[in-house]
Amino acid sequence: MSEKHIHIISLDVPYPADYGGVVDLFYKLKYLHKNEVKIHLHCFVDKREPQADLEKYCVSVNYYKRKKITGISFSLPYIVSSRQNAELLLNLKKDNYHILFEGIHTTYYLIKNEFKDRKLFLRLHNVEFMYYAKLAKHEHNFLKRTYFKFESNLLKKYESKVANLAHVLTVSTEDLTIYQEVFAAKKISFLPVFLAQDNPKIKYGKGSYCLYHGNLSINENEEAAIWLMEEVFSTLKFPLVIAGKKPTTRLQTKARKYKNISIVDTPNDINMQLLIENAQLHVLPSFNNTGVKLKLLNALFNGRYCLVNEAGIAGSTLEGLCSVANDTNSFKENVTILFDKPFTEKEMQHRSTALKILYNNEANAQKFIALLY
């Protein structure tokens with residue numbers, strides 16, 4: 001049997017796998033390597049350094065400096081135009097291997113139609129134009145809000161052109177439906193995200209606090225945390241811990257008003273996992289219904305009960321594993337019920353069985369390889 005090769009273009013250096021945009025790719029690398037796929041990885045470098053660990057899974061790793069675009073493009077989104085590099089194109093054209101573009105961000109040479117008679121795949125992380133529209137909605141800074149709106153408009157036009165230039169692989173069924181309905185995508189498949197583990201590991205019994213976690217420097221996450229504080233937990237007796245990267249002064253000031261609410265500023269990986277494992281209830285509302293919420297999957301694999309809204313679970317097929325509430329009173333009612341409910345072995349077995357069906361790294365690697373070859 002001939003060797004299986006693939007080029008993968010990453011929007012960032014995918015190690016350490018410590019944020020949503022690289023978790024899926026890093027564990028995909030591991031399982032493709034396990035299945036003897038020869039990976040040629042191409043990474044754009046911005047704030048993260050090159051990583052020797054990636055060479056364990058790839059036959060070659062190349063790095064390219066992300067451009068700092070000073071002018072305004074009226075045709076290309078910034079996340080795309082800043083990731084063009086002539087050396088990357090030369091390296092991709094040295095052979096005829098299949099190409100996986102990880103995120104809309106990496107598709108500059110796809111839109112230029114540089115790869116005829118090759119199998120091309122696009123891993124969709126979000127419906128990006130919708131994601132940027134949500135960022136604009138929740139942004140308080142005028143200049144940032146203007147940028148997000150402008151980028152969203154460019155992305156909608158751009159995504160309509162890209163949608164049928166490659167086989168699209170979505171992380172959620174919701175994104176698959178949107179691409180079919182809005183952009184008439186023809187070759188498109190749902191491929192669940194790759195994760196750090198296959199089997200849930202959850203403590204039985206009860207925890208002593210509720211937890212919201214995420215990158216708190218992202219305005220959408222900050223707004224969700226503030227909503228929980230002001231609308232849900234301000235009149236409840238239950239403790240709420242808000243944990244994540246770079247909480248703003250605004251968020252910390254608001255939290256100091258409430259005795260039952262505390263913020264954990266930028267915990268390391270070990271401490272974050274301990275917070276997740278020991279929580280009684282994960283409260284994870286979202287204002288964005290595209291992509292898949294990796295913090296929810298982390299909570300389901302490592303934590304007890306999860307309470308979400310419909311936007312937070314859209315397209316994930318995880319509805320049966322979470323409690324769902326969509327307004328203040330419903331959130332309060334569910335928090336009150338779940339806070340005193342022990343997590344049992346029966347709950348664990350149900351969750352484990354359901355998660356293994358969909359979020360199975362080996363099975364999903366085989367699914368992708370079948371599309372490749």
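Side chain of N361 to backbone of L195: a donor-acceptor contact under 3.5 angstrom is found. Checked by atom type and distance alone, the side chain of T107 never pairs as donor or acceptor with a backbone atom of G103 at under 3.5 Å. In this structure, the side chain of D24 engages the main chain of F194 through a donor-acceptor pair within 3.5 Å. N260 places a side-chain N or O within 3.5 Å of a backbone atom of L236 that can act as its donor or acceptor partner. In terms of modelled atom types and a separation under 3.5 Å, the side chain of K186 and the main chain of A184 share a donor-acceptor contact. Here the side chain of R123 pairs a donor or acceptor atom with the backbone of T170 at under 3.5 angstrom. Put simply, the side chain of S352 never gets that close to the backbone of M348: no donor and acceptor are under 3.5 Å apart. Under a 3.5 Å cut-off, the side chain of R145 and the backbone N or O of H138 do not form any donor-acceptor pair. Under the 3.5 Å distance criterion, the side-chain polar atoms of N278 are matched with a main-chain donor or acceptor of L274. Not a single donor-acceptor pair under 3.5 Å links the side chain of Y258 to the backbone N or O of T235.
V37 approaches Y373 most closely through the heavy-atom pair CG1-OH, 4.3 Å. Across L284 and L296, no two heavy atoms sit closer than the pair CD1-CA, 3.8 Å. The two residues N221 and G214 come nearest to each other via the heavy atoms ND2-C, 4.2 Å. Shortest non-hydrogen contact noted between L216 and T248 is O-CG2, 4.3 Å. A pairwise comparison of heavy atoms in N334 and V324 identifies ND2-O, 4.5 Å as the closest pair. Closest approach of H282 to G303, counting heavy atoms only: NE2-CA, 3.5 Å.
A 6.0 Å sphere centred on CG of L90 holds more than 12 heavy atoms belonging to other residues, nucleotides or ligands. Remark: K119 NZ is packed, more than 12 non-hydrogen atoms of other residues, nucleotides or ligands lying under 6.0 Å away. In D269, the CG atom is not crowded: 12 or fewer heavy atoms of neighbouring residues, nucleotides or ligands sit closer than 6.0 Å. Residue-environment remark: CD (E310) stays at or below the threshold of 12 foreign heavy atoms within 6.0 Å. Annotation for K332: atom NZ counts as buried by contact number, over 12 foreign heavy atoms lying within 6.0 Å. In the displayed structure, K156 atom NZ is contacted under 6.0 Å by at most 12 heavy atoms of other residues, nucleotides or ligands.
Side-chain atoms of E222 and H140 form no donor-acceptor pair, as typed in the model, at a separation below 3.5 Å. Between the side chains of N288 and S286, no donor-acceptor pair is found at a separation under 3.5 Å.
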Quick one, L89 with K112, criterion side chain to side chain contact (heavy atoms under 4.5 Å, CB included). Give me CA distance, side-chain angles, the key distance, then yes/no. CA-CA 11 Å; L89 182 60; K112 297 293 183 181; over 6 Å; no
Please step through side-chain hydrogen bond (donor to acceptor under 3.5 Å, both in side chains) for the pair Q280 and D340, ending with a clear verdict. CA-CA 8 Å; Q280 168 63 12; D340 289 320; over 6 Å; no
Could you check E362 against Q366 for side-chain hydrogen bond (donor to acceptor under 3.5 Å, both in side chains), going step by step and ending with a plain yes or no? CA-CA 6 Å; E362 180 61 31; Q366 293 292 343; 3.1 Å; yes
One pair to check against side-chain hydrogen bond (donor to acceptor under 3.5 Å, both in side chains): N91 and K94. What are the steps and the verdict? CA-CA 5 Å; N91 286 334; K94 287 178 180 178; 3.0 Å; yes
Tell me, with the steps shown, if Y57 and F26 meet ring pair (Phe, Tyr, Trp, His ring centres under 6.0 Å). CA-CA 9 Å; Y57 312 107; F26 179 71; 5.7 Å; yes
Show your working on side chain to side chain contact (heavy atoms under 4.5 Å, CB included) between K65 and F44 and close with a plain yes or no. CA-CA 6 Å; K65 188 70 177 174; F44 281 95; over 6 Å; no
R83 and T106: CA distance, side-chain angles, deciding distance, side-chain hydrogen bond (donor to acceptor under 3.5 Å, both in side chains) verdict: CA-CA 6 Å; R83 291 180 174 89; T106 66; over 6 Å; no
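For the atom pair CG (N271) and CD1 (I276), the distance works out to 11.0 Å, reported to the nearest 0.5 Å. Rounded to the nearest 0.5 Å, atoms NZ (K28) and CD1 (I39) are 9.5 Å apart. Once rounded to the nearest 0.5 Å, the distance linking CG of L294 with CG of L300 reads 11.5 Å.
The hydrophobic clustering, which links ILVMFWY residues whose side-chain heavy atoms are closer than 4.5 Å, places I6 and Y15 together. L358 and L355 end up in the same hydrophobic cluster when Ile, Leu, Val, Met, Phe, Trp and Tyr side chains are linked at under 4.5 Å. Cluster membership for L11 and I99, using ILVMFWY side-chain heavy atoms within less than 4.5 angstrom, is not shared. In the hydrophobic cluster analysis, where Ile, Leu, Val, Met, Phe, Trp and Tyr join through side-chain heavy atoms closer than 4.5 angstrom, L372 is grouped together with Y27. One hydrophobic cluster, built from ILVMFWY side chains closer than 4.5 Å, cannot hold both L211 and F238; they sit in different ones.
For the pair L275 and Y209, the minimum side-chain heavy-atom distance is below 4.5 Å. Proximity of V171 to L191: side-chain heavy atoms (C-beta onward) are nowhere separated by under 4.5 Å. In this structure the side chain of Q252 reaches within 4.5 angstrom of the side chain of R256, judged on heavy atoms. Within the 4.5 Å cutoff, the side chain of I104 has heavy atoms near those of the V162 side chain. By the 4.5 Å heavy-atom criterion applied to side chains, N85 and Y108 are not counted as neighbours. No side-chain heavy atom of N164 sits under 4.5 Å from any side-chain heavy atom of K187. Between H98 and R118 the shortest side-chain heavy-atom distance does not fall below 4.5 Å. Residues V13 and V22 have side chains not in contact (no heavy-atom distance under 4.5 Å, counting atoms from C-beta outward).
F331 has its ring centre less than 6.0 Å from the ring centre of W227. Between Y97 and H40, a ring centre-to-centre spacing shorter than 6.0 Å is recorded. Aromatic rings of F368 and F121 (six-membered ring for Trp) have centroids within the 6.0 Å cut-off, being under it.
Salt bridge status for K4 with E36: absent, with no side-chain N to carboxylate O gap under 4.0 Å. Between E347 and K341, at least one side-chain N (NZ, or NE/NH1/NH2) sits under 4.0 Å from a carboxylate O, which counts as a salt bridge. Checked for salt-bridge contact, K68 and D46 meet the test: a charged N lies under 4.0 Å from a carboxylate O. Taking the charged nitrogens against the carboxylate oxygens, K149 and E139 have no contact shorter than 4.0 Å, which rules out a salt bridge. A salt bridge between K257 and E230 is absent, with no side-chain N of the basic residue lying under 4.0 Å from a carboxylate O of the acidic one.
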Kindly list each side-chain donor-acceptor pair under 3.5 angstrom involving residues 125-133, sequence neighbours excluded, with atom names and distances?
residue : atom : partner : partner atom : Å
H125    : NE2  : E102    : OE1          : 3.0
N126    : OD1  : T290    : OG1          : 3.2

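Between Y204 and F343, the angle of the ring planes stays under 30°, which puts this pair in the parallel group of the 30/60° scheme. Using the six-membered ring where Trp is involved, Y147 and Y78 have ring planes that are perpendicular, over 60° apart on the 30 and 60° scheme.
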